[in-house]
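Count residues from 1 along the sequence.
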Amino acid sequence: MATMSKTHTSFTTDGYLANLGLFGYSHLEPLILASLVSSEPLLLIGKAGTGKTQLLNRLSDKLKLEHRHYNASLLSFDDLLGFPFPDSNQESIRYLTTPSSIWGAQSLFVDEINRCKPDVQNKFFSLIHECKIQGVPLTELKFRWAAMNPVATGLSPDDLYEGCEPLDPALADRFSFIVEVPDWQD
């Protein structure tokens, strides 16, 4: 990559992510870019404070995406859909959307995905894999991202994240790219 003069925006040999102010990801950049180019789901796993959330939010900002960021530990499924409301003829349900509803989103980021309730976690299967919710296609949704802290290994107290459970293997299988994010000392 060539560096342009100081009067122009430039990309350096440090990589695209470094140009977004994200450092320490250079060895992971090919996987992250492959996820973007292919629009395949990406899961980041790493300790608290390693920049997982910052990375995904900055990518959505840089790409100017209609972005939804959910904290799975606080999420109920109604937060994604909006409020169910019978239509005027009382024969079907429609959803009253909110700014945080999934409808119209181009990118979805589920933070702390392994902290959500199992019933909510199960509803992410088709959302992550098929870009559908309740069987309804989300035609504008292109990027599905998630992040989580590692599950305790029992080796040290620093490995313990209260409330983290192993991600359901079937849900983990919905992610085409699972990337372990390095800790600060790495």
Checklist entry - Where do Phe83 and Thr97 land on the side-chain contact (heavy atoms from CB on, under 4.5 Å) test, with the steps shown first? => result CA-CA 7 Å; Phe83 300 103; Thr97 61; over 6 Å; no
Checklist entry - Would Leu138 and Val136 show up in the same hydrophobic cluster when neighbours are defined by side-chain heavy atoms closer than 4.5 Å? => result yes
Quick check: closest heavy atoms across [X] and [Y], and the distance to 0.1 Å?
X	Y	answer
Leu80	Phe124	CD1-CE2, 4.0 Å
Ile113	Gln121	O-NE2, 3.4 Å
Ala48	Asn149	N-ND2, 3.3 Å
Leu96	Phe85	CG-CB, 3.8 Å
Ile128	Pro41	O-CG, 3.3 Å
Leu17	Glu29	N-OE1, 3.0 Å

Test item: [X] and [Y] side chains (from C-beta on) under 4.5 Å apart, heavy atoms:
X	Y	result
Leu28	Pro182	yes
Tyr25	Leu55	yes
Leu167	Val151	no
Asn122	Leu171	no
Leu43	Phe177	no
Leu63	Leu36	yes
Gln106	Phe143	no

If you round to the nearest 0.5 Å, how far is [atom2] of [Y] from [atom1] of [X]?
X	Y	atom1	atom2	result
Lys123	Gln134	NZ	CD	6.5 Å
Ile102	Leu127	CD1	CG	5.5 Å
Ser73	Glu112	OG	CD	6.0 Å
Ser176	Leu42	OG	CG	9.5 Å
Ile45	Thr50	CD1	OG1	11.0 Å
Phe175	Arg144	CZ	CZ	9.0 Å

Backbone N or O of [Y] within a donor-acceptor pair of the [X] side chain at under 3.5 Å?
X	Y	value
Arg68	Ser101	yes
Lys52	Ala146	no
Ser126	Lys132	yes
Asn71	Leu75	no

Next on the checklist: Between Phe109 and Thr53, does the side-chain contact (heavy atoms from CB on, under 4.5 Å) criterion hold? Intermediate values first, please.
Outcome noted: CA-CA 9 Å; Phe109 172 36; Thr53 299; 3.7 Å; yes
Next on the checklist: Students often mix this up, so state it plainly: with edges at 30° and 60°, are the rings of Trp145 and His67 parallel, tilted or perpendicular?
Outcome noted: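 Aromatic pair Trp145/His67 classed tilted.
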Checklist entry - Is the count of non-hydrogen atoms from other residues, nucleotides or ligands lying under 6.0 Å from Glu130 atom CD greater than 12? => result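 Correct, the count exceeds 12.
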Checklist entry - Regarding Ser76 and Asp78, is there a side-chain donor-to-acceptor distance under 3.5 Å anywhere? => result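 Side chains of Ser76 and Asp78: no pair found under 3.5 Å.
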Item to check | Cationic N near anionic O, under 4.0 Å, Glu66 to Lys64 | outcome: no
